[in-house]
There are 2 protein chains.
Amino acid sequence: MTIDAIARTRRFHRAVTSEVGALDSSFLGRGRPLGPARVLHAIGNGVSDVAEIRAHLKLDSGLMSRLLRGLEDEGLVTVTASDSDARRRQAQLTPAGKTEFAAYEALSDAQAGAILSRHPHPEALLQAMDLVATALGFDRTAIQRVPPSDPRAQHCLATYYAELAERFSGGFDVNLSADPEARDMEPPRGAFLLAVLDGLAIGCAGLKGTDKGYAEVKRVWVAPSARRMGLADLLMQAIEDEARGLGIRTLRLDTNSALPEAVRFYRKSGWREIPRFNDDPYPDVFFEKHL
Amino acid sequence: MTIDAIARTRRFHRAVTSEVGALDSSFLGRGRPLGPARVLHAIGNGVSDVAEIRAHLKLDSGLMSRLLRGLEDEGLVTVTASDSDARRRQAQLTPAGKTEFAAYEALSDAQAGAILSRHPHPEALLQAMDLVATALGFDRTAIQRVPPSDPRAQHCLATYYAELAERFSGGFDVNLSADPEARDMEPPRGAFLLAVLDGLAIGCAGLKGTDKGYAEVKRVWVAPSARRMGLADLLMQAIEDEARGLGIRTLRLDTNSALPEAVRFYRKSGWREIPRFNDDPYPDVFFEKHL
DNA sequence: TATTTTTTCTGACTTTTGTCAATCAAATGA
DNA sequence: TCATTTGATTGACAAAAGTCAGAAAAAATA
């Protein structure tokens, strides 16, 4: 690693450290130390299991217990025994707790808004922040099966289509393409997979069942901030696992030579180029893979 | 500000917060609380004036005094009275302090290296980190006069030339251009200005004195991470101030239509297009401004 | 059923960080 | 020169955060 790269990384670190400190001080403004505020924040975000909060915030069990009781005394949370295991305890916000949580959320939102609004070109800043956030947390990426109607899936697809429209010289209209019926991408005929990192979908891939003796891989997309990280490999691996689970033995896909990185990716991932197998107007490169 | 933009910013914030926490924990591994470690770090970075450290770390004077004495007792720093004002005190590292400081530096470097090395495309990550760091700290940008031989100035110029070589269809060779003698860009004939943020030069501009009744503005460059922030305005304002200070009444500059954003910038900054005034092979657009 | 393990709670600490007022020495300004 | 201001130190606290061992209750296991 070059000296310059390290220095730039550390400069970045200094910059965000002072930003983090600024948010912490604004939290202090609500008259509560950071400890209880962090616990309240975790509960508000849906982490109700006390042991889970403890693991997440790396707190000693004694300290956790006291912080929780403090919040109970303030009337912000109630703690009840878990149904399945009466030793474990579940914390939830009272109405007053929800109000207080909302106030912290407003502070966070205000800070985020302030960062963005003092930048003359927020979209560039957002893209840079996405890239950094994805790089730092990439190991936590989870691949999950969702219905194609999931709003996050729809968001991925919309972004994907917009990108195709930009890269194809004649634009792209999804209605001219063979738009798969949603149920072809759901079990038992197929599947739709989402790569999710910290609540944000950073990639997707669809497996579309057909009656022609093969299934099609469709809508493979990776967010710009997550490219070159090997996410496409993860997604395709998961798609192949799904296909095997559904008893599918042959996969086909089509793509376009205007997307050379995609063509290159399939070539080196064990796909074999085959002749055109549909009359879709957009693709001009066709692949097949036997599982 | 859209909901989505706020959510992305907060996701970024969460990602870097855990990274910051990881570095703090690694600092704790040296058996010293964060307070003294931060003071040691500040002194090691050349902030020797105690009042300055105090302001920088936002510490109470009593706490600061105790932290310093703790470091003195450990034999890591010595504190002496300032020459100019015997009330103020200067802290410096002992040899043992330098060793300890180096250990902290190694931890920081290791963490920075780890972030970079687990990314398959570090340069993209670095550029994103630069953009974020510049956006967060832009207000702290300082414009300072340096000799053109300053290594930071040389670094800016090298990057500038590389960029020109990429954008000019026939490439760019600075030796074919009228390479100004260094002394033409130093007082009393001219000046060379650097925009510096957190130790990194993010832009430059040169004022080159001539004997022809005008001075030339040369080498106006803004780092990609700082573009669209209005830095060129700041630099040009500073250049004009320098020129006025040197008794210069007329400024000229040349640029190239392959740099449309530069041409646009000068047009809207009160520069008037004039006919070619030199035989430099690269420029094809010429401007003049009276102060 | 008896024993062990897990989860939380409590009491009794310590360490770290932050605050405030009093004091002292040096510098500043009238 | 003498009062005032400034920068650092000190004592006396207080709040916040972290640690640890024991106890109680529930669950898991033998």
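- When distances are taken from the side chain of L63(B) to each of dT17(C), dT10(D), dG18(D), the shortest belongs to dT17(C).
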- Which nucleotides of nucleotides 22-30 of chain D have their base under 4.0 Å from a protein heavy atom (B), which only their sugar-phosphate (S), and which neither (-), written as one string 5' to 3'? ----BS---
I'd like a table of donor-acceptor pairs (distance under 3.5 Å, sequence neighbours excluded) in which one partner is a side-chain atom from residues 187-195 of chain B, with atom names and distances.
{"unit_1": "R189(B)", "atom_1": "NE", "unit_2": "D184(B)", "atom_2": "OD1", "d": "2.8"}
{"unit_1": "R189(B)", "atom_1": "NH1", "unit_2": "D211(B)", "atom_2": "OD1", "d": "3.2"}
{"unit_1": "R189(B)", "atom_1": "NH2", "unit_2": "D184(B)", "atom_2": "OD1", "d": "3.3"}
{"unit_1": "R189(B)", "atom_1": "NH2", "unit_2": "G209(B)", "atom_2": "O", "d": "3.4"}

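- The side chain of L59(B) has dG18(C) as its nearest neighbour among dG18(D), dG18(C), dT19(D).
- Looking at residues 39-53 of chain B, you'll see that no heavy atom sits under 4.0 Å from any atom of DNA chain C.
- Between the side chains of R54(B) and S65(B), no donor-acceptor pair is found at a separation under 3.5 Å.
- Taking R140(B) as the reference, D198(B) meet the salt bridge (charged side-chain N to carboxylate O under 4.0 Å, His left out) condition, with sequence neighbours excluded.
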- Can F101(B) and I43(B) be said to form a side-chain contact (heavy atoms from CB on, under 4.5 Å), step by step? CA-CA 9 Å; F101(B) 172 70; I43(B) 300 171; over 6 Å; no
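- Side-chain atoms of S48(A) and Q90(A) include a donor-acceptor pair closer than 3.5 Å.
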Are there any protein N/O atoms within less than 3.5 Å of an N/O atom in nucleotides 12-15 of chain C, and if so, which ones and at what distance?
{"unit_1": "dA12(C)", "atom_1": "N6", "unit_2": "R66(A)", "atom_2": "NH2", "d": "3.3"}

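- When heavy atoms are screened at a 4.0 angstrom cut-off, L34(B) is found touching the sugar-phosphate backbone but no base atom.
- Using a 4.0 Å cut-off between a side-chain N of Lys or Arg and a carboxylate O of Asp or Glu, E123(B) and R8(A) qualify as a salt bridge.
- Looking at residues two or more places apart in sequence or on another chain, you find a side chain to side chain contact (heavy atoms under 4.5 Å, CB included) between H155(A) and T159(A).
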